[in-house]
Amino acid sequence: MIGRALFHGFIGLIYLFITLPILVVLVASVSTTPYLVFPPKGFTLRWFSDITSLGDFITAFEYSFEVAVLATALSMLLGTWIALVIGRNQFPGRSLLMSFFLSPIILPELAVAVGLLQYFSQSGLIHGLLAVVLAHSVICTPYAVRTITAATARADRSIEDCAASLGAAPWRVLRDVTLPLLKPGLLSGAIMAFVISFDNVTISLFLSAPGRITLPALLFNQAAETGLNTTIAAVSALLVIFMMGLMLLVERAIGLEKFFQSAVAPSKRAA
Amino acid sequence: MATNLVLEKVSRGFGQLTAVNNIDLHVQPGEFLALLGPSGCGKTTMLRLIAGFLSPDSGRILCDGEDITKLPPYRRKLGVVFQNYALFPHMTVLENVGYGLKVAGVPRVEATSRARAALARVGLTTQDDRFPAQLSGGQQQRVALARALVIEPRLLLLDEPLSALDKSLREEMQVELRQLQQRLGITTIFVTHDQEEALTLSDRVAVMRAGRIEQLGTPREVYDTPVNSFVATFLGTTNLLDGTVAAVADGVASVRIANAEFPFPAASFRPGQAVQVTLRPENVSLASSGSGIAGTISDVLFQGHRLIVLFEAEAGGEWRAFCPPNSGPWHKGEPVWMGWTEGAAAIISKGDDDA
C-alpha cells in the first residue's frame, strides 16, 4: 500500500515537473512588470490587450494557422496513402520503405531543415508558403503514418471484404467503409500533424521568408533579441489556451461520435 | 435457377505452406455443401478463393460455366457471411442490408423496401434504425444474412457463421438456416470445424485436411463409411480396431480381430492383409455371454442420456461403447463379449493414411 502511494506520488511529481513551466507562463503573463517574473507582481491584463495592438503577432498567428492547416492536409493525404498502400500490403522492401517514411521522427530536425533549405533554394521553384508547408509536411507525415497505421491494424479487413462482395468497387469500399472505420485514427493523426506543425520552430526559422514568419519562430526571434518580456508570456499563454480549446473540441467530436454509435440512433439516419 | 460451382485443380500457397492443394470440386445447383476440417486445413482459404478475396496460384473457378477466376470480388455477385458478421459499424441495420443495393444503383425507395423484405425473411423486423453494436449476436447474424441475400447472390458463402453463438441459439439458427436455404434454393457453401453442424445442415460434406479433400459425400456416407482413420475420428468418436484379413470369398472379407472373426462386404482385400476397422461406440453391442471379442468392463460412466462402457479386450486394446442408460446393468470387472450387427462397422485399409 505504501509502496503504491509512493509510486503514485512519484508519478505525480514528474507530471508536475513537466507541466509546471506551462503554469508558470500562464501565471506570469498577468504580472504588472514588463519583464518576466515569477511569482508575478500584481495583476494586469495589459499585456494581453497589447498583443492586439502588435499586428506582427496576429499576422504570425494567421500564417502559422495557414501553414499548419495546409501541412496537416498534405500529411494526412500522404499518411493515409502510405498507411493503406505500404502498411497493408506485403512486398519485398516494404519495411525498408516504411522506415524511410518514418525516419523524420528520429532524424535531427536541424538536419532536415538545412537539407530542405538547400534543396529548395537550388531548385529555385519552391519558396515562401509552399516551402514551409512542404517542409512541415516532411516532419508531420511520419506522425500521421504512425497513428493511421495503428488504426488500420485494428480495423477488421473482413468488413471491407464484405463491402466488396456486395458489389462495391475498391474506391467505393475506401469511401464508404475503410475511411469511416478509420475515422478516429484519422482524426488523432490530424491532431498530431497539426500540433507538430503549429509548434515547430527550427524548420520555420530556416525556411521563413522575410516578413512571413510563423508565430513560434517570431516568439523565438523576439526572445533572442529582447529577452523574455511579459508580452511573450501573454502570447504563449494564449497559445496554450488555443491548443487546449482545440483538444477539447476534438475530444468532444470523438466523444460525440462514440455516443452516436452506442446510443439509440435517430431515425433520420435510415437509408 | 440455382448456380453450380466448379473448382478445377485449384491451388493456393502462402510462402512454404500449400493451403489449398490441387482441389477439384463440383457443387451442384441448390446444394448445401459443408467444408469441414480442423483449423489450418484450408477450408477458409478455399472459401476466400471462391469469393475472390484471394486468387489461386493455379487452377480455374467456374460459376455456371463462366470462368470467374480473374473476376474481382465486387463483380462476382456472391453473398458472404463471416464468423464475426463483419457488419458496417457506422451504418444502421437498414443501411447495412441496403448497402449492396445502393452500390448497384437501385433507387432508394426500392432499395429500402427490398432491404426490409430481406430483414423480414430472416425474422428481424423491428431493428431497422439500430446500429450493429446495439444488437445481440443472433440479431447481428440475421442482419449479416439479410445483407448477403438481398443482392440475390449466385452463391451463398458462409464462414463459420454460427460459431460465435451460444449452444441453444446455434441449434435454433442451424434449423432456420437450413430452412431458409431450402426455401430459396440457393447454392450454399458452408465452412465449419464443427462436425455435428456439418452433418446437420449439409447435403454433402467435404472433409478437408492439409489443403486436400479427404472425402466428399453425404453426411451418412462420411459418417458411416469413412475412407480413412482421419475422417473416422474427425467425425465424432470412434473405435479403431486392428485386424487381419483371414479369408476372402464371394466379395466377403473375413477379418480376424482379437479372438474373433467378422465378415465385411469388401472385395479388394487379400488374405493376410492388415486392416483397420472403424466402429462407432453407439454401434457396439455388449453381451454377458455368447460370441464376439472377449474381454472385461474396465469402467462404466453415467452421462444422463447414455452410459459409456469402457471395454478391455483379452487380446489387448481398450474400446468404448455407448449404451442406453437403463441397459445392462454393467459392472466394473465383469467379463463381456463385444460385437456389432453386420454393416455397423467399416473397413479402412491400412497404409492409405498417415495420421
Which answer fits [X], side chain, backbone, both or neither, if we ask what part of it has an atom under 4.5 Å from a heavy atom of chain A?
X	answer
B:N84	side chain
B:L78	backbone
B:L157	neither
B:R147	both

Please check if the number of heavy atoms outside [X] that lie under 6.0 Å from its [atom1] is greater than 12.
X	atom1	answer
A:F91	CZ	yes
A:Y119	OH	no
B:F14	CZ	yes
B:R75	CZ	no
A:M244	CE	no

(message) Assess whether a salt bridge exists between A:D176 and B:K102, defined as any Lys/Arg side-chain N lying under 4.0 Å from an Asp/Glu carboxylate O.
(response) no

(request) Nearest 0.5 Å please: distance from the OG atom of A:S165 over to the CZ atom of B:R48. (result) 10.5 Å

(request) Drop me the distance from B:K77's NZ to A:L166's CG, to the nearest 0.5 angstrom. (result) 11.5 Å

Determine the minimum heavy-atom distance between [X] and [Y], stating which atoms define it.
X	Y	answer
A:I159	B:P89	CD1-CD, 4.1 Å
B:H90	A:L181	ND1-CD2, 4.2 Å
B:Y74	A:A168	CB-O, 3.3 Å

(message) At a 4.5 Å cut-off on heavy atoms, which part of A:D161 comes close to chain B: side chain, backbone, both, or neither?
(response) both

(request) Quick one: which of B:Y85, B:F82, B:F53 has the most heavy-atom pairs under 4.5 Å with chain A, could you say? (result) B:F53

